[in-house]
Amino acid sequence: MPDLTDSSAPGPPRAEASGPPFPADHVGSLPRRGAGPGAWEPVTDDPAAAKATLRAGFLARRVARPENERAAAADAIADVLVARLTGVRTLAAFVPDPTEPGHGRIPAAFAGLGARVLLPVVPAQGRQLDWAVDTGRHEPGRFGLMEPGGPRLDATAIGAADVVVVPALVVDRAGIRLGRGGGYYDRALVHARPDALLVTLAFDDEVVDELPAEEHDRPVDAVVTPSGWLDLPGRSR
């Protein structure tokens with residue numbers, strides 16, 4: 001389930017990115033331009049425009065990522081999450097699509113936690129996520145996204161979660177995350193508990209030094225990559 005963070009970009013959640021991935025010397029930093037290495041300057045001072053540029057590049061790189069790398073990452077991320085979330089009573093998570101970290105292992109791996117797991121349901125209209133308890137049975141919903149087949153709960157159900165696992169395309173070391181541009185999780189996290197632990201998932205090369213931030217961005221507290229769990233400043237930044 002990709003996050004659609006920037007409400008200025010209305011399209012469907014799984015819109016494919018066009019264009020080539022970022023070159024190797026851009027990994028771990030914002031895309032920049034200049035006369036050559038060491039002479040990079042920000043493409044724009046407008047956070048929304050900078051996010052759009054980043055979004056296209058990171059989406060393209062995800063699409064191009066080899067299947068064996070995705071599978072190995074999913075195994076590693078699932079193992080770390082289950083180990084770190086032992087004892088959680090209620091967990092809100094999502095069903096990763098084939099390009100996202102955790103696909104094929106999450107949310108099934110959470111069954112070992114013995115927790116109540118809530119998964120998002122994209123409504124037929126609007127951008128406010130509903131929720132449902134995961135029973136292990138998933139079916140395609142709006143935009144073809146997989147969602148739980150049980151009774152629907154409203155947007156406030158996420159408020160019961162001790163931990164919220166949110167999607168991202170890229171996250172920085174201050175906890176700012178970039179989603180796919182539709183604002184679904186911006187709206188959802190309004191209903192999360194103030195003390196809920198916010199965790200995102202990423203491939204190792206999707207953790208960068210700094211991202212453009214806007215007033216509505218709510219930072220996450222940790223990111224899980226194939227290399228492990230990384231605590232971030234989150235709300236204390």
Side-chain angles (χ1 to χ4, degrees), residues 1-3 5 26-30 47 51 54-55 58 61-62 65 69-70 72-96 100-103 105-120 158-180 184-186 188-237:
M1 171 77 187
D3 171 30
T5 306
H26 286 180
V27 173
S29 64
L30 295 178
K51 285 182 176 183
L54 282 162
R55 187 174 290 116
F58 278 98
R61 188 157 67 184
R62 276 200 175 171
R65 198 175 297 274
E69 183 181 336
R70 296 179 192 175
D75 288 342
I77 287 171
D79 290 346
V80 171
L81 275 172
V82 171
R84 291 297 296 259
L85 298 182
T86 299
V88 169
R89 296 167 299 176
T90 300
L91 169 69
F94 65 101
V95 183
E100 291 179 306
H103 173 70
R105 289 293 313 278
I106 296 170
F110 295 144
L113 294 174
R116 179 174 179 253
V117 178
L118 302 174
L119 297 178
I158 192 176
D162 308 304
V163 177
V164 182
V165 181
V166 298
L169 283 171
V170 57
V171 62
D172 74 13
R173 297 182 186 280
I176 297 298
R177 42 178 283 284
L178 177 69
R180 297 209 185 187
Y184 283 75
Y185 271 82
D186 283 337
L189 291 177
V190 169
H191 302 289
R193 273 187 5 215
D195 63 341
L197 181 71
L198 305 185
V199 182
T200 197
L201 311 180
F203 295 102
D204 287 317
D205 56 7
E206 294 171 346
V207 180
V208 301
D209 291 335
E210 184 179 8
L211 288 171
E214 297 178 272
E215 187 65 28
H216 64 261
D217 290 325
R218 180 169 173 181
V220 297
D221 302 298
V223 56
V224 179
T225 74
S227 294
W229 179 290
L230 176 64
D231 287 317
L232 301 171
R235 289 179 295 276
S236 66
R237 63 186 292 272

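Since the structure is predicted, the reported quantities are computational estimates derived from the model, not experimental observations.
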Search all heavy atoms of [X] against all heavy atoms of [Y] and return the closest pair with its distance.
{"X": "Ala161", "Y": "Ala196", "value": "O-CB, 3.7 Å"}
{"X": "His103", "Y": "Pro96", "value": "ND1-O, 3.1 Å"}
{"X": "Asp162", "Y": "Arg193", "value": "OD1-NH1, 3.1 Å"}
{"X": "Phe203", "Y": "Pro101", "value": "CE1-CD, 3.5 Å"}
{"X": "Ala174", "Y": "Pro219", "value": "O-CB, 3.9 Å"}
{"X": "Asp217", "Y": "Pro212", "value": "OD2-O, 4.3 Å"}

* Is the backbone N or O of Leu211 less than 3.5 Å from a side-chain atom of Asp172, with the two atoms forming a donor-acceptor pair by type? ->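 Such a contact is found between Asp172 side chain and Leu211 backbone.
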N/O donor to acceptor pairs below 3.5 angstrom from side-chain atoms of residues 75-82, sequence neighbours left out:
{"residue": "Asp75", "atom": "OD1", "partner": "Arg105", "partner atom": "NH1", "Å": "3.0"}

Measuring only between side-chain heavy atoms, which start at C-beta, is [X] closer than 4.5 Å to [Y]?
{"X": "Arg218", "Y": "Val166", "value": "no"}
{"X": "Pro107", "Y": "Leu119", "value": "yes"}
{"X": "Arg65", "Y": "Asp205", "value": "yes"}
{"X": "Thr225", "Y": "Leu230", "value": "no"}
{"X": "Ile158", "Y": "Leu118", "value": "no"}
{"X": "Val88", "Y": "Phe110", "value": "no"}
{"X": "Leu198", "Y": "Thr200", "value": "no"}
{"X": "Phe94", "Y": "Val165", "value": "yes"}

Measuring from [X]:[atom1] to [Y]:[atom2], what's the distance to the nearest 0.5 Å?
{"X": "Lys51", "Y": "Leu169", "atom1": "NZ", "atom2": "CG", "result": "11.5 Å"}
{"X": "Arg177", "Y": "Leu232", "atom1": "CZ", "atom2": "CG", "result": "12.0 Å"}
{"X": "Leu201", "Y": "Glu100", "atom1": "CG", "atom2": "CD", "result": "8.5 Å"}
{"X": "Arg89", "Y": "Arg116", "atom1": "CZ", "atom2": "CZ", "result": "11.5 Å"}

* Start with the C-alpha gap between Leu54 and Val208, add the side-chain angles, then the distance that decides, and say whether side chain to side chain contact (heavy atoms under 4.5 Å, CB included) holds. => CA-CA 11 Å; Leu54 282 162; Val208 301; over 6 Å; no
* To do: May I ask you to say whether Arg61 pairs ionically with Glu206, meaning some side-chain N is under 4.0 Å from a carboxylate O?
  =>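 Salt bridge between Arg61 and Glu206, a charged N being under 4.0 Å from a carboxylate O: no.
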